Amino acid sequence: MKKGLLMLIAAAAITTVAYAYTYNTQVPVPGKTLADGKLQSEMLFPVYAYGLRIAAPDCKDFSITDTTVSKAKENGAWEEIWTVKACERTARIPVKFTTSETGTDFAIDPMGVKVAK
């Protein structure tokens, strides 16, 4: 999982340079996320990767416009929805968080992504 995540981040970084996309990387992100600043920073490009998938081909501007807790924190686990704006389109990206003594892991549910115009 971590190797795949690192490859996805690297691909997003290369794509960013090659095509001059603009990503808002300001932390803290808007909304009510329970993720701390470090975790938010780690999540930005994996979340934006889903923004790239829903964007029109000529779209180059991406931002996270909202975060909401969709399932309250219980036993160190919770779920959130991160909303990404890609030009005129938006996507609601479901993220599951799990904490342990070594930190917090997150997983994006690709089947749960909702796209709106």
Side-chain angles (χ1 to χ4, degrees):
M1 168 86 177
K2 289 188 179 191
K3 183 177 180 182
L5 179 60
L6 290 175
M7 291 183 73
L8 180 62
I9 291 170
I14 291 167
T15 303
T16 301
V17 172
Y19 297 104
Y21 292 117
T22 303
Y23 298 100
N24 182 351
T25 57
Q26 183 176 350
V27 172
V29 295
K32 306 285 186 191
T33 183
L34 301 179
D36 64 23
K38 181 177 183 271
L39 184 57
Q40 289 177 36
S41 293
E42 291 172 1
M43 292 178 58
L44 287 175
F45 285 104
V47 170
Y48 280 139
Y50 284 91
L52 277 169
R53 294 178 70 183
I54 61 102
D58 60 342
C59 180
K60 297 194 183 324
D61 295 312
F62 299 85
S63 62
I64 294 170
T65 59
D66 194 22
T67 57
T68 58
V69 176
S70 57
K71 187 173 180 184
K73 192 171 188 177
E74 184 177 328
N75 297 323
W78 75 98
E79 297 178 17
E80 296 183 1
I81 303 292
W82 284 44
T83 303
V84 174
K85 184 167 178 28
C87 295
E88 294 84 32
R89 301 186 80 186
T90 58
R92 293 172 42 89
I93 315 293
V95 185
K96 295 180 181 184
F97 297 88
T98 308
T99 58
S100 67
E101 56 271 348
T102 59
T104 304
D105 292 327
F106 66 91
I108 295 172
D109 174 12
M111 298 306 289
V113 174
K114 305 279 190 239
V115 179
K117 288 188 177 185

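Please read these numbers as outputs of a predicted model, since none were measured by experiment. Positions are given from 1 along the sequence.
One finds the CD1 atom of Ile64 at 7.5 Å from the CE atom of Met43 (value rounded to the nearest 0.5 Å). The CD atom of Gln26 lies 10.5 Å from the CD atom of Gln40; values are rounded to the nearest 0.5 Å. Rounding to the nearest 0.5 Å places OG1 of Thr98 at 6.5 Å from CG of Asp105. Atom CZ of residue Phe62 and atom CG of residue Asn24 lie 12.5 Å apart, to the nearest 0.5 angstrom. With values rounded to the nearest 0.5 angstrom, Arg92 atom CZ is found 9.0 Å from Lys114 atom NZ. Remark: Ile93 CD1 to Ile54 CD1 distance equals 7.0 Å, nearest 0.5 Å.
You'll find the side chain of Lys85 reaches within 4.5 Å of the side chain of Thr90, heavy atoms only.
The shortest heavy-atom contact between Val113 and Ala91 is CG1-CB, 4.3 Å. Of all heavy-atom pairs between Ala86 and Cys59, the closest is C-SG, 3.4 Å.
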**Report entry** side-chain contact (heavy atoms from CB on, under 4.5 Å) assessment of Leu44 paired with Tyr23
**Finding:** CA-CA 9 Å; Leu44 287 175; Tyr23 298 100; over 6 Å; no
Query raised in the report: After noting the C-alpha distance and the side-chain angles of Lys32 and Thr68, does the key distance pass the side-chain contact (heavy atoms from CB on, under 4.5 Å) rule?
Result: CA-CA 5 Å; Lys32 306 285 186 191; Thr68 58; 5.5 Å; no
Query raised in the report: For Tyr50 and Ile108, what are the C-alpha separation, side-chain angles and deciding distance, and is it a side-chain contact (heavy atoms from CB on, under 4.5 Å)?
Result: CA-CA 9 Å; Tyr50 284 91; Ile108 295 172; 3.5 Å; yes
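In this structure, the side chain of Thr99 engages the main chain of Gly76 through a donor-acceptor pair within 3.5 Å. Formation of a donor-acceptor pair under 3.5 Å by the Ser70 side chain with backbone atoms of Glu79 is found in this model.
Under the 4.5 Å side-chain heavy-atom criterion for Ile, Leu, Val, Met, Phe, Trp and Tyr, Val84 and Phe45 are members of the same hydrophobic cluster. Residues Ile81 and Leu34 do not share a hydrophobic cluster, defined by chaining ILVMFWY side chains whose heavy atoms lie under 4.5 Å apart.
In this structure, Trp78 and Phe97 have parallel ring planes: the angle between them is below the 30° cut-off, well short of the 60° mark.
Defined by atom type and a distance below 3.5 Å, a donor-acceptor pair is present between the side-chain atoms of Glu80 and Thr33.
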